[in-house]
Amino acid sequence: MILKQYIEDRVLDVLIKSDINNIEVVVDRTQNPEFGHYTTSTPFNLSKILKKSPYDIAREIAEKIQDPLALIDKIEIKGGFINFFLNTDAFHLVVEDILEKKERYGRFNEGQGKKVQVEFVSANPSGPLHVGNGRGGALGDVLANIFEWFGYNVEREFYVNDMGNQMNLLALSVEARMRELLGEDFEIPQEGYHGEYVKDIARSALEKFGNGIWNLSEEERLKELKEFAEETILSWQREDLALFGIRFDCWYRESTLHKNNTLGEALEILKSKGYTYERDGAIWFASTRFGDEKDRVLVKSDGSSTYFLADIAYHLDKYKRGFSHIIDIWGADHYGYVARMKASVEALGYDPDTFEPIIYQIVHLFRGGSAVRMSKRTGEMVSLRELLDEVGKDAARYFFVMRDPNSQLDFDIELAKSQSINNPVYYVQYAFARCCSLFKQAELKGIDIGRIDHCDLSCLQDPLERDIMMILEDFPDMLKNVFYNRAPHRLTAYLESLAKGFHSFYNSLRIIQENEDLMYARMALVSATRQVIKNGLDILGVSAPEKM
RNA sequence: GCGCCCAUAGCUCAGGUGGAUAGAGCAACAGACUUCUAAUCUGUGGGCCGCGGGUUCGAGUCCUGCUGGGCGCGCCA
């Protein structure tokens, strides 16, 4: 980043002195060493404006480039490209930068403490979390971490859907299972819950309430059971998420919105602005006026409110809590809600750009080559807990964010468990452990670790060393990419390439050795590598074991 | 039917705001441990970027029409 920035600034400097303004200069790393380390194609873009050939422009710019830090070895013109070759000393600046900034390397202060909310998982309290929730959980938590790295004050929130018919069905299902356990006739409602876990809840309910529960009125009994089932399931979810390394700042219940009459408030705002109307005895929101494909019902003809109105109220409440940016992480099956929620945010009077739903595609579980079937109806879903028990937190988190959220994810349980090169988590963690091991070795040999931080890096001249330094240089820039594109999978890919660079270096060059200058310089590089892997794993919420 | 997502090596996937000869890993084959962790490394082969048009100096990337797969289109929650 510092090097790329340096090149960019040098080019910009020439343009400004030539009175060419408002031109964006993009400097890229090259893929081919033939083209140097960094390149820019700005001359192509200037060609039309200046009415000169890209080649001539490139030559003119190249001639005027200043190099106050003496980092540029040579500049070559190829067509309209300006290719920059840096000297090896340039890359030493990167190592120094990392050793100075340490755990702050790659952080930015773009957010300046602005309040951002990331709401994710938000599974209904009607059953244990499943693997789909796992992807949403990992994605949301990592994005929240990224926002923190960019200087935002982030709140993680879980929305608890504790109202509605589903909870009544849950209570009825539990009651049926209780009767079953008592050897009575029972019937699980058609749309009820059939999973094994319902029996577990029924069993604990019998223990907790005893026979007295049957003396209550039907209504009273179901109310008790509903509350009991809900709290039980919520505690499961909380445990699962804790095992998954996720802690929410706030568990926000839908019932709170009803108690505070936020629904009425939201409805009033929409009404007063004239965005509602009555038809067929229902109250409608004219969401098509804000780009939705059809208008939506807020209050049904029987007088009850829709889930959508509660959602509008929920988002009104979020804005009232002072968040400047609101992110909702939704599964692909919620795509249909994007347009209407955007519409309602705008109708309430807030900037729809500050509301950002992020959609992730579904997860397919595999075990070796074969797909693991999931069925919601029979309740035989693979739970997040089972997955965590089998592959562990680190592999689970890593695998869930390893792919573009827009792409479906094939999650191979066997691969996630395997302790081999095939498994990218182990590959990256192993690189970290090797770094740590080198430090341990160094200490055993009585080497002065403190000297590493201010050693002479000039003996780092090997291409393998330079490759690592170039990757390390890229870290902050890569994080910007991750941040702006909401694309954590680029971080995992980055860590794998850094680990690869390190393993190559480790295998072919001796680090701890007779030549002390070289040894300290290489240890400095190891130290920088270790730091960057650590920073990256921290963002992912994956542990960095010192020994494996 | 309409909206959105996806399609890149045999497999799983990378390829910010368009840039040079499209990259990894796995699998296959051939090699490397008396020495800092072989959970590693080195080398080889492998491609009409789903198909057809268009935009321009330049397209895997942008626009458009198809094909195939996934998801969504309730006065459900």
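Below, chain A is the first sequence line, B the second, and so on; all start at residue 1. The figures here come from the full heavy-atom set of this structure, side chains too, leaving out hydrogens, waters and symmetry mates.
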I'd like to check the side chain to side chain donor-acceptor pair (under 3.5 Å) partners of Asp295(A); sequence neighbours left out, ordered by chain and number.
Tyr277(A), Thr288(A)
Touch check for Arg490(A), heavy atoms < 4.0 angstrom, all strands: base, sugar-phosphate only, or nothing?
sugar-phosphate
I need the CG-C1' distance between Asn168(A) and rA77(B), as an integer number of Å.
11 Å
Which residues satisfy the side chain to side chain donor-acceptor pair (under 3.5 Å) test with Ser437(A), sequence neighbours excluded?
none
Nucleotide nearest Gln31(A) (side chain, heavy atoms from C-beta), chosen from rU12(B), rG23(B), rA39(B):
rG23(B)
Between protein and nucleic acid, restricted to nucleotides 2-11 of chain B and to nitrogen or oxygen atoms under 3.5 Å apart, what atom pairs and distances do you find?
residue: rC5(B); atom: O2'; partner: Asn406(A); partner atom: O; Å: 2.4

For Lys294(A) and rG74(B), is the shortest distance between a side-chain N/O and OP1 or OP2 below 4.0 Å?
yes
Would you indicate what Lys417(A) reaches in the nucleic acid, counting non-hydrogen atoms under 4.0 angstrom: base, sugar-phosphate, or nothing?
nothing
Residue list, side chain to side chain donor-acceptor pair (under 3.5 Å) with Gln166(A), at least two apart or on another chain:
Asn124(A), Asn161(A)
Considering only distance and modelled atom types, tabulate donor-acceptor pairs under 3.5 Å from the side chains of residues 23-32 of chain A, sequence neighbours left out.
residue: Arg29(A); atom: NH1; partner: Met470(A); partner atom: O; Å: 3.4
residue: Thr30(A); atom: OG1; partner: Gly36(A); partner atom: O; Å: 2.5
residue: Asn32(A); atom: OD1; partner: Glu34(A); partner atom: N; Å: 2.9

Under 4.0 Å: is that the gap between some side-chain N or O of Lys445(A) and OP1 or OP2 of rC36(B)?
no
What is the distance, to the nearest angstrom, from the CG atom on Leu509(A) to the C1' atom on rU35(B)?
14 Å
Ignoring backbone atoms, establish whether Lys78(A) has a side-chain N or O less than 4.0 Å from OP1 or OP2 of rG19(B).
no
Once side chain to side chain donor-acceptor pair (under 3.5 Å) is applied, what residue pairs with a partner in residues 470-483 of chain A remain, sequence neighbours excluded?
Lys4(A)-Asp477(A), Tyr38(A)-Glu473(A), Asn481(A)-Asn485(A), Asn481(A)-Arg490(A)
Mind running a 4.0 Å heavy-atom check of residues 465-482 of chain A against RNA chain B and sending the residues that fall below it, in number order?
Asn481(A)
Could you summarise the pairing of RNA chain B as dot-bracket text, marking Watson-Crick and G-U pairs under 3.5 Å with ( ) or [ ] inside the strand and | across strands?
(((((((..((((.....[...)))).(((((.......))))).....(((((..]....))))))))))))....
Sorted by number, the residues of residues 492-508 of chain A with heavy-atom contact under 4.0 Å to RNA chain B:
Lys500(A), His503(A), Ser504(A), Tyr506(A), Asn507(A)
Just do the ring pair (Phe, Tyr, Trp, His ring centres under 6.0 Å) check on Phe366(A) and Phe411(A) with the steps written out, would you?
CA-CA 6 Å; Phe366(A) 286 82; Phe411(A) 192 122; 10.0 Å; no
Are OP1 or OP2 of rG15(B) and a side-chain N or O of His489(A) less than 4.0 angstrom apart?
yes
Could you verify whether a donor N or O on one side chain and an acceptor N or O on the other, from Glu110(A) and Tyr484(A), lie under 3.5 Å apart?
yes
Taking any heavy-atom pair under 4.0 Å as a contact, classify Asp280(A): base, sugar-phosphate, or nothing.
base
Which residues share a salt bridge (charged side-chain N to carboxylate O under 4.0 Å, His left out) with Lys226(A), sequence neighbours left out:
none
Indicate, with a heavy-atom threshold strictly under 4.0 Å, whether Leu415(A) touches base, sugar-phosphate, or nothing.
nothing
Please state how far atom CE in Met519(A) lies from atom P in rU35(B), giving the value in whole angstrom units.
20 Å
Test item: side-chain donor near acceptor, Asn406(A) and Gln361(A), under 3.5 Å:
no
Any residue meeting side chain to side chain donor-acceptor pair (under 3.5 Å) with Asp404(A), in chain and number order, not counting sequence neighbours
none
Is it true that Asp317(A) and Tyr252(A) share a donor-acceptor pair across their side chains at a distance under 3.5 Å?
yes
Residues 76-85 of chain A side chain polar contacts: donor-acceptor under 3.5 Å, at least two apart:
residue: Glu76(A); atom: OE2; partner: Lys74(A); partner atom: NZ; Å: 3.2
residue: Asn83(A); atom: OD1; partner: Thr39(A); partner atom: OG1; Å: 2.8

